[in-house]
Chemist: 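The structure's right below; bear with me while I get my questions together.
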Amino acid sequence: MSTALDTAEFVIRTVAQTAVENEKYFGDLDSVVGDGDFGYSLARGFEQVLAHWDEFDRDDAGVFTVKVATTISSRIGGTSGPIWGTAFMRAGGGLRGKPEPTVDEVITALRAGIDGIKKRGNSDVGDKTLIDALVPAVDALEQSLLAGDDAATAVDRMAVAARTAADATSSMQAMRGRASYTGERSIGSPDAGAVAVAVFAERLAQTWNDQTANDH
Amino acid sequence: MSTALDTAEFVIRTVAQTAVENEKYFGDLDSVVGDGDFGYSLARGFEQVLAHWDEFDRDDAGVFTVKVATTISSRIGGTSGPIWGTAFMRAGGGLRGKPEPTVDEVITALRAGIDGIKKRGNSDVGDKTLIDALVPAVDALEQSLLAGDDAATAVDRMAVAARTAADATSSMQAMRGRASYTGERSIGSPDAGAVAVAVFAERLAQTWNDQTANDH
Amino acid sequence: MKKFVNDPQQFVPEMLKGIALANPDTLRYVPEYNLIHRADAPRDDKVTIIQGSGSGHEPAHVMVVGRGMLDAACPGDVFAAPPTDYVYETTKLLASPKGVLLLVNNYTGDRMAFEMAQEMSEADGVNVRTLFIDDDVAVKDSTWTVGRRGVAGNFFVMKAVGAAAESGADLDELVRIGEKVNSVTRTLGIALTACTPPAKGSPLFELADDEIEIGVGIHGEPGRRRAKWMPANEIVDEFLGAVVPDLPFERGEHVALMINGLGGTPISELYLLYGIAHEKLAAQGISVSRSYVGEYCTSLDMAGASLTLVKLDAEIEELLDAPAEVAVRVF
Amino acid sequence: MKKFVNDPQQFVPEMLKGIALANPDTLRYVPEYNLIHRADAPRDDKVTIIQGSGSGHEPAHVMVVGRGMLDAACPGDVFAAPPTDYVYETTKLLASPKGVLLLVNNYTGDRMAFEMAQEMSEADGVNVRTLFIDDDVAVKDSTWTVGRRGVAGNFFVMKAVGAAAESGADLDELVRIGEKVNSVTRTLGIALTACTPPAKGSPLFELADDEIEIGVGIHGEPGRRRAKWMPANEIVDEFLGAVVPDLPFERGEHVALMINGLGGTPISELYLLYGIAHEKLAAQGISVSRSYVGEYCTSLDMAGASLTLVKLDAEIEELLDAPAEVAVRVF
Ligand SMILES: Nc1ncnc2c1ncn2[C@@H]1O[C@H](COP(=O)(O)OP(=O)(O)O)[C@@H](O)[C@H]1O
Ligand SMILES: Nc1ncnc2c1ncn2[C@@H]1O[C@H](COP(=O)(O)OP(=O)(O)O)[C@@H](O)[C@H]1O
Ligand SMILES: [Mg+2]
Ligand SMILES: [Mg+2]
Ligand SMILES: [Mg+2]
Ligand SMILES: [Mg+2]
């Protein structure tokens with residue numbers, strides 16, 4: 001059985017690697033009604049996370065995540081630095097001191113991360129941001145776990161929900177962030193941050209079993 | 001029978017109108033290894049000649065041509081202003097005070113114009129300039145007239161010689177003017193000024209008979 | 001991509017190094033934080049003025065650090081607000097007992113970075129105030145939106161507070177002046193072409209040969225609407241039609257008029273626009289008593305221009321008139 | 001064509017009008033001759049300095065008229081030397097008892113116009129001298145050719161004679177200084193794109209997306225050779241490889257280094273080039289003690305840059321250091 005720390009490491013490493021691999025794709029998404037730097041910002045920041053991978057404290061999943069958050073907010077610019085940094089910081093804070101967090105505790109921590117973004121960005125569901133993918137993704141994860149599904153299944157459900165929600169942002173008008181400057185013209189293309197969340201979730205779903213496999 | 005003044009007026013008006021009509025073509029020729037302003041400069045200058053057409057003194061063909069020369073050099077910039085202005089000035093000077101110039105006097109006047117260009121431009125036959133079209137054109141005109149051909153025939157011969165010579169400049173390397181900066185790269189395209197001379201001569205040949213017709 | 005660049009990731013550091021090498025007596029460069037600061041900053045007798053923003057807007061802001069203007073600029077990467085840490089470390093390094101004024105163009109990312117940095121610095125006991133500049137009339141403003149963008153008008157706020165700080169004004173006074181200048185400054189941008197970020201290598205959007213983009217910001221993001229190319233006279237009508245009624249600027253008033261190039265447009269075209277705008281304003285009874293023509297706040301290699309009007313009064317004129325020495329210069 | 005322009009034939013006059021409107025106290029505009037001159041020129045106690053050339057090189061030369069620089073500039077149309085009459089009338093209007101110095105970049109058309117104007121003015125009894133500038137190393141020089149072109153290095157000649165004239169130097173002295181500065185100044189230009197003259201409406205030549213043109217002049221004419229795009233480090237090697245050995249500039253010498261934008265290249269890229277060139281020169285033992293980065297002599301909207309080196313001595317440094325006030329300015 002993998003520990004919460006193992007899982008945190010797996011999730012964060014997967015997200016980091018996926019961000020680096022998708023630099024161009026995420027940048028192109030941000031070019032449609034944004035300024036095209038989203039992929040570049042995430043890639044440069046998560047490159048640093050991977051570069052300093054072995055240096056982070058690993059007292060528990062929470063401490064580890066908080067350390068990663070510090071690197072993110074110190075190395076990522078643009079809007080992404082503060083919001084992703086805040087999300088990791090809050091989520092990590094929620095898990096700190098809990099070596100074996102319950103499902104409830106994990107979900108609460110993830111929600112804390114989302115609330116951090118909302119507060120920092122003065123934004124909420126419906127503004128056409130990554131929040132519109134994160135909220136349904138975490139909801140799906142929670143329902144699946146409470147229904148007794150195993151982690152792999154729950155992460156699958158999460159990925160499906162994230163993708164559906166990310167695609168749905170196409171029909172929305174941006175109310176927050178740079179995309180909102182283009183007004184109605186922001187309708188018709190998906191939000192870059194929301195799509196990134198979907199891509200991360202899908203990658204986690206695809207690779208989830210390998211990880212646990214490795215632990216046996 | 002048309003007077004020398006009639007002929008001068010016809011020739012200059014034809015050249016002026018042809019220059020205005022060919023602004024874009026001459027400019028494109030000058031773009032290949034030059035700076036593209038040749039057509040613009042000639043067109044703006046000869047537009048002025050046409051605009052002030054009725055104001056020029058008409059004591060005789062020479063005086064008329066000299067007056068035109070003044071407008072050209074005061075209104076045309078680039079290399080073309082000084083060289084075309086000088087050519088008209090010298091040619092006009094050669095005809096001044098000769099209401100009924102002989103063939104010899106006409107040819108001598110035209111040669112004076114060419115010599116003016118050579119002196120002003122420190123250039124000569126073989127440098128890939130309009131001189132390479134002007135010299136053979138005037139030679140052909142002279143031979144034809146001395147052979148007893150009528151003016152129309154002589155102008156035809158002149159046009160053919162000008163065109164042949166202008167086309168031949170393609171294989172030359174520019175030794176003078178802006179085109180010379182590109183060195184060997186100037187080989188392969190004709191000289192803009194030489195082509196302009198050919199176009200003017202051909203137009204004169206095409207319309208020569210209408211003019212005399214009009215006089216009857 | 002046609003640019004003078006080596007590794008696109010080193011574009012900003014290599015540019016900053018060039019600025020430092022070209023101004024060894026007056027400027028210092030701290031690579032860790034993309035920081036360019038005055039050699040003589042911080043000073044105990046002067047409030048420190050710091051501007052951050054993404055890069056790609058040069059000469060704003062790294063090339064306008066100098067006497068009478070900024071004490072420091074800490075840009076992020078191209079079009080990306082600086083990481084919070086850059087702003088925090090810059091503030092710490094240049095903190096003056098008279099306080100620190102942070103100038104920020106109003107964008108989500110920049111707001112976040114500077115607000116977080118201000119919190120962190122205040123926790124260290126540094127007296128920090130932040131000024132948000134939002135002169136762009138292209139963005140509809142309401143409590144439901146993120147508010148207007150800060151664009152070229154930003155230059156006038158920097159110049160005014162820079163001059164006042166040089167003559168010893170305290171932090172509250174600088175905030176008052178900055179807010180005042182920002183409140184009478186309005187700008188609109190029009191693009192003829194998109195721009196190409198070094199790291200992306202291709203234009204941020206496509207414009208047909210006969211199309212222009214009206215109401216663009218300074219990050220290559222699309223504007224409010226696309227229009228057919230039009231002659232300069234009509235372009236100026238678009239500019240003035242959006243800017244003049246917005247404040248509004250009125251008959252009998254004196255203004256500063258800036259025609260700012262967005263990066264790829266030659267200064268000849270900018271002066272052509274200036275002349276037309278100057279006369280059209282005069283025809284409306286608005287007299288231009290200060291002129292600014294050239295590149296102040298650009299969007300990389302974007303061809304285009306922005307027009308800025310500042311309503312002048314004696315105080316603002318005096319501050320704009322004061323001497324200043326910056327990296328971008330002729331001699 | 002994507003430009004801010006009305007009738008292309010009015011491009012130059014409308015630009016000149018803008019310059020005059022933006023500088024009402026210091027400049028005068030005489031539309032008949034495309035003439036921009038200092039409001040206080042001519043002066044009996046100062047040699048009058050006049051530069052003419054085609055337009056399209058702004059800020060050269062109409063925007064560098066002012067105290068310590070030119071007394072007047074009479075440009076022709078875009079890329080066309082001014083008609084002889086413009087130069088003659090300008091010389092007549094601004095003749096000073098101390099004489100008139102005509103600065104001319106070495107091009108066939110300009111040579112002709114200024115030589116003819118000088119002859120006409122001398123016939124009027126005006127004391128006129130003409131200085132031909134030819135700093136471009138891209139052109140092979142020999143008695144069989146038309147000689148080298150004058151490009152951005154021209155700025156240093158203007159600045160030096162402008163400063164000397166301001167302090168009362170006579171005509172012979174100015175000619176000596178101008179020839180001296182020209183003799184120690186060398187430039188090479190590299191283009192990333194062609195430029196588009198307003199009246200033509202299309203680029204003067206086509207460059208593929210991965211091609212650059214080395215050894216271009218400032219009129220959009222092709223250069224000496226075409227090459228594949230290369231990183232900025234290698235571009236600087238091309239610049240220095242052509243310029244340094246030409247004079248030559250040698251170890252231990254002090255130089256002024258100018259990175260001049262050709263019109264479409266943002267100043268961020270120019271500073272990046274500057275930094276690389278500064279360090280590569282230092283590595284060769286050549287130390288840069290004066291820096292010039294920005295647009296001085298452009299080719300309309302051409303993307304590209306030129307690098308100029310000037311070998312310095314005490315006299316030249318002092319003249320370059322002297323104050324000057326021109327239309328193109330930041331404040
Ligand atoms: N106020 C906000 N709250 C939450 N997320 C936001 C906000 N503004 C933007 N975002 C997210 O950030 C993404 C853009 O990130 P980035 O390109 O770094 O921002 P920018 O370049 O505009 O500073 C958007 O796609 C969106 O998902
Ligand atoms: N030194 C010269 N002598 C005679 N003709 C010349 C000379 N230099 C250029 N020309 C002619 O002038 C033409 C170019 O004219 P123009 O475009 O006005 O010159 P530029 O733009 O180079 O000043 C050339 O095609 C050539 O025929
Ligand atoms: Mg972005
Ligand atoms: Mg030409
Ligand atoms: Mg950004
Ligand atoms: Mg020309």
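Computation of the quantities below employed the complete heavy-atom set of this structure, encompassing side-chain atoms and omitting hydrogens, waters and symmetry-equivalent molecules. Remember, it's a predicted structure, so these values are computed and weren't measured experimentally.
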Chemist: Rounded to the nearest 0.5 Å, how far apart are CD of A:Glu184 and CZ of C:Arg224?
Modeler: 5.5 Å
Chemist: Against chain A, label C:Tyr88 side chain, backbone, both or neither, depending on which of its atoms sit under 4.5 Å from a heavy atom there.
Modeler: neither
Chemist: Can you tell me how far CG of C:Asp85 sits from CD1 of A:Ile76, rounded to the nearest 0.5 angstrom?
Modeler: 11.5 Å
Chemist: Which heavy atom of C:Pro83 sits nearest to which heavy atom of A:Ser73, and what is that distance?
Modeler: CB-O, 4.0 Å
Chemist: Give me the atom names and distance for the closest heavy-atom approach of A:Ser74 to C:Tyr86.
Modeler: O-CE1, 4.1 Å
Chemist: Between A:Tyr181 and chain C, with a heavy-atom cut-off of 4.5 Å, which part of the residue counts as in contact: side chain, backbone, both or neither?
Modeler: both
Chemist: For atom NZ of A:Lys118, is the number of surrounding heavy atoms from other residues, nucleotides or ligands below 6.0 Å larger than 12?
Modeler: yes
Chemist: Could you pull out the closest heavy-atom pair between A:Pro82 and C:Gly109, with the gap in Å?
Modeler: CG-O, 4.5 Å
Chemist: How long is the gap from OG1 on A:Thr86 to CE on C:Met116, to the nearest 0.5 Å?
Modeler: 4.5 Å
Chemist: Is C:Lys2 atom NZ crowded by more than 12 heavy atoms from other residues, nucleotides or ligands, each under 6.0 Å away?
Modeler: yes
Chemist: Do the non-hydrogen side-chain atoms of A:Thr79 and C:Met112 ever get within less than 4.5 Å of each other?
Modeler: yes
Chemist: Counting only heavy atoms closer than 4.5 Å, note whether C:Asn34 contacts chain A via side chain, backbone, both or neither.
Modeler: neither
Chemist: Highest number of heavy-atom pairs under 4.5 Å with chain C: which of A:Ser123, A:Ala174, A:Gly34?
Modeler: A:Gly34
Chemist: So for A:Arg75, is it side chain, backbone, both, or neither that comes closer than 4.5 Å to the heavy atoms of chain C?
Modeler: backbone
Chemist: Which distance, rounded to the nearest 0.5 Å, do you find between the CD of C:Glu221 and the OG of A:Ser186?
Modeler: 13.0 Å
Chemist: Do C:Lys200 and A:Asp28 meet the salt-bridge criterion of a basic N to acidic O distance under 4.0 Å?
Modeler: yes
Chemist: Relative to chain A, which segment of C:Val216 carries a heavy atom at a distance below 4.5 Å: side chain, backbone, both, or neither?
Modeler: neither
Chemist: Please give me the minimum heavy-atom distance between A:Gly177 and C:Thr108, naming the atom from each residue.
Modeler: CA-OG1, 3.6 Å
Chemist: If you tally heavy-atom pairs under 4.5 Å against chain C, which of A:Met175, A:Arg44, A:Lys24 wins?
Modeler: A:Arg44
Chemist: Drop me the distance from A:Thr182's OG1 to C:Phe205's CZ, to the nearest 0.5 angstrom.
Modeler: 11.5 Å
Chemist: Under 4.5 Å from any heavy atom of chain A, what part of C:Glu213 do you find: side chain, backbone, both or neither?
Modeler: side chain
Chemist: Measuring heavy-atom distances to chain C, does A:Ser41 have an atom under 4.5 Å in its side chain, in its backbone, in both, or in neither?
Modeler: side chain
Chemist: First locate atom CG of A:Asp35, then atom OG of C:Ser299, and finally report the distance between them rounded to the nearest 0.5 Å.
Modeler: 9.5 Å
Chemist: Measure distances from C:Gln9 to the heavy atoms of chain A and classify the residue's part below 4.5 Å as side chain, backbone, both or neither.
Modeler: both
